[in-house]
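Counting starts at 1 for both ligands and their atoms, in listed order.
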Amino acid sequence: MSSPEPQRWAVVGGGALGATLALRLARLGHRVAVFEAGDVLGGLAAPWHLDEATVGGITWDRHYHVTLLSDTRTQDMYAAAGVTDDEIRWVETKTGYYGTDHVLRSVSNAFEFLKLPGLSPLAKVRLAATILIGSRIRNGHRMERLTAERWLRRWSGSAAFETFWKPLLRAKLGDAYAQASAAFIWATIQRLYAARRTGLKKEMFGYVSGGYSRVFAAFADTLATEGVDVRLSTAVREITRVGDEFRVSCPTGDQSFDKVVVTTNAALAARLCPDLLAAERQRLQRVAYLGIVCVSLVLERPLSPYYLTYITEPATPFTAVVEMTAFIDPAAEVAGKTLVYLPKYADATDPLFQADDAEVIAAFLPFLEKMYPAFTPSQVTTARVSKVAQVFAVPTLGYSDDAPAIGTSVPGLYLAGSAHLPFSTLNVNDTLSLVEQVLALAVHSTD
Ligand SMILES: Cc1cc2nc3c(=O)[nH]c(=O)nc-3n(C[C@H](O)[C@H](O)[C@H](O)COP(=O)(O)OP(=O)(O)OC[C@H]3O[C@@H](n4cnc5c(N)ncnc54)[C@H](O)[C@@H]3O)c2cc1C
């Protein structure tokens with residue numbers, strides 16, 4: 001269904017959400033411009049060029065990404081962008097676990113997880129029961145009343161919390177896990193179960209050959225074909241209502257639109273939109289964000305067979321080891337090299353955000369040497385650091401009661417981003433659920 005009159009739309013932000021929204025709006029007959037501050041589309045999923053100094057430098061995502069078989073919206077996005085099914089590879093991966101005893105073990109299936117030291121037979125039964133209980137809960141709202149830690153300690157006990165749940169929480173939330181409500185663990189269990197419900201006995205992870213670089217290159221072509229005006233390296237400074245129109249101001253000048261959707265983080269949206277009510281702006285500014293400092297390393301040889309390695313050793317400065325080339329095909333994708341990410345999820349006050357790249361790398365590498373005795377820093381051919389201060393809105397206690405709304409007090413102005421997802425684990429598939437919500441409010445309703 002398209003609205004009767006084609007309208008002029010501005011989409012602020014050209015990440016997965018902004019690009020998908022722009023395409024949908026264009027296909028509904030609207031005239032759409034995308035303003036993207038970066039020099040490529042993609043946002044958190046944008047690529048970067050690694051190993052540039054060597055012949056045949058490689059390109060892969062700034063941050064690691066997997067797609068689950070149950071991520072149907074993500075797969076629809078690939079298709080809409082112009083990526084064909086035969087470009088998607090589905091792979092089984094292995095998972096590692098580095099404990100306080102400094103031993104690296106495989107936890108690639110439930111049996112191996114349950115063999116971890118430190119778990120009594122009773123703790124194992126309680127752990128399995130916790131997952132079952134979480135999977136049966138249909139409404140996440142009641143999980144927002146207590147912290148994830150409290151809920152997990154109650155059902156699984158302290159030993160299982162320390163051994164199993166804490167590394168899982170820290171891998172995604174860093175030290176902010178302590179503030180997260182049980183809604184986060186509920187969303188995690190629901191995502192796990194959705195993957196299981198795809199009918200396959202084994203869990204498969206998918207990626208597009210060429211990474212998100214390929215996805216957003218296809219997106220750029222398709223958006224151009226649909227007549228979408230994509231403005232890269234164009235950071236919007238202000239969005240104001242002038243009469244019946246919006247004036248979108250950026251360094252290259254001002255332009256008028258009928259409707260605007262802002263897909264940046266909440267605090268920035270509050271700054272960009274001065275016409276919002278003070279109460280709306282305060283609500284946006286109250287959202288507590290988690291950021292990420294993520295080191296990418298190109299190595300001469302593999303570290304381990306594990307795609308993801310959880311870490312319980314508290315002194316480790318990163319929250320997990322993600323060995324991308326234990327998942328993607330190294331020969332086909334990254335010229336036979338090993339690509340490893342060392343993420344640290346932390347809030348913007350963490351000193352790592354002020355450190356320069358060399359300092360971050362110098363702080364991280366000694367711990368990698370400790371974890372993998374065969375690794376030496378001389379095996380690193382390239383090291384890059386990505387820092388993003390606002391990545392994920394922490395689902396704090398009662399978050400959905402105070403979460404910002406997509407529709408605003410300014411008719412025709414819409415906001416969407418991770419702050420609008422109270423029950424999510426930060427993934428492309430959940431993010432894309434906002435597309436339908438924005439369209440329902442902005443195009444298919446009569447507001
Ligand atoms: C380390 C890491 C690992 C991840 N792993 C996975 C995974 O395995 N699987 C998965 O599905 N998801 C994963 N994700 C999540 C996924 O990347 C995000 O859910 C998704 O990319 C969010 O898209 P978005 O468009 O909402 O936001 P963003 O990608 O943040 O897009 C917002 C855009 O707005 C732009 N912008 C900001 N300010 C302005 C301005 N003033 N003017 C114009 N443009 C502006 C930004 O440059 C950016 O491009 C991961 C994320 C991270 C950080």
K.L.:
In terms of side-chain geometry, is the basic nitrogen of Asp402 or Arg286 positioned less than 4.0 Å from the acidic oxygen of its partner?
P.N.:
yes
K.L.:
Should you measure from each heavy atom of Gly13, which atoms of ligand 1 turn up under 4.0 Å away?
P.N.:
33 (C), 34 (O), 35 (C), 44 (N)
K.L.:
Relative to the heavy atoms of Gly43, which atoms of ligand 1 are at a distance of less than 4.0 Å?
P.N.:
29 (O), 48 (C), 49 (O)
K.L.:
Checking a contact table here: which protein heavy atom is nearest atom 26 (O) of ligand 1, and how many Å away?
P.N.:
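Of the protein heavy atoms, Thr431 CG2, 3.3 Å lies nearest.
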K.L.:
I'd like to check which ligand 1 atoms, numbered from 1 as shown, lie under 4.0 Å from a non-hydrogen atom of Phe35.
P.N.:
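The atoms of ligand 1 under 4.0 Å from a heavy atom of Phe35 are 43 (C), 44 (N).
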K.L.:
Can Asp254 and Arg247 be counted as an ion pair, charged N to O under 4.0 angstrom?
P.N.:
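Yes, Asp254 and Arg247 are salt-bridged.
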K.L.:
Measuring from atom 17 (O) of ligand 1, which candidate in Gln390, His63, Arg231, His65 has the nearest non-hydrogen atom?
P.N.:
His65
K.L.:
Just say parallel, tilted or perpendicular for the rings of Phe327 and Tyr207, cut-offs at 30° and 60°.
P.N.:
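Rings of Phe327 and Tyr207: perpendicular, over 60°.
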K.L.:
What's the shortest distance from atom 4 (C) of ligand 1 to any protein heavy atom, and which residue and atom give it?
P.N.:
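Going atom by atom, the protein heavy atom closest to atom 4 (C) of ligand 1 ends up being Tyr64 O, 3.2 Å.
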K.L.:
Output every pair passing side chain to side chain donor-acceptor pair (under 3.5 Å) with a member in residues 222-231, not counting sequence neighbours, ordered by first then second residue.
P.N.:
Arg27-Glu226, Asp229-Arg231, Arg231-Gln255
K.L.:
Taking only residues two or more places apart in sequence, or in another chain, which ones meet Arg31 in a salt bridge (Lys or Arg N to Asp or Glu O under 4.0 Å)?
P.N.:
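In terms of salt bridge (Lys or Arg N to Asp or Glu O under 4.0 Å), with neighbours along the sequence ignored, Arg31 is linked to no residue.
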K.L.:
Salt bridge or not for Arg384 and Asp357, using N-O below 4.0 Å?
P.N.:
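Looking at Asp357 together with Arg384, the answer is no, because their closest N to O distance does not fall below 4.0 Å.
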K.L.:
Looking at Arg73 and Glu436, is there a salt bridge between them, counting it only when a charged N and a carboxylate O are closer than 4.0 Å?
P.N.:
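The answer is no: the pair does not qualify as a salt bridge.
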K.L.:
Non-hydrogen atoms of Gly42 versus ligand 1: any pair closer than 4.0 Å?
P.N.:
yes
K.L.:
Could you work out, for atom 30 (O) of ligand 1, the closest of Val40, Leu44, Leu272 by heavy-atom distance?
P.N.:
Leu44
K.L.:
Within 4.0 Å of atom 42 (N) of ligand 1 (strictly less), any protein heavy atom?
P.N.:
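So far as the 4.0 Å threshold goes, atom 42 (N) of ligand 1 is in reach of a protein heavy atom.
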K.L.:
Within the 4.0 Å heavy-atom shell around Val12, which atoms of ligand 1 are there?
P.N.:
42 (N), 43 (C)
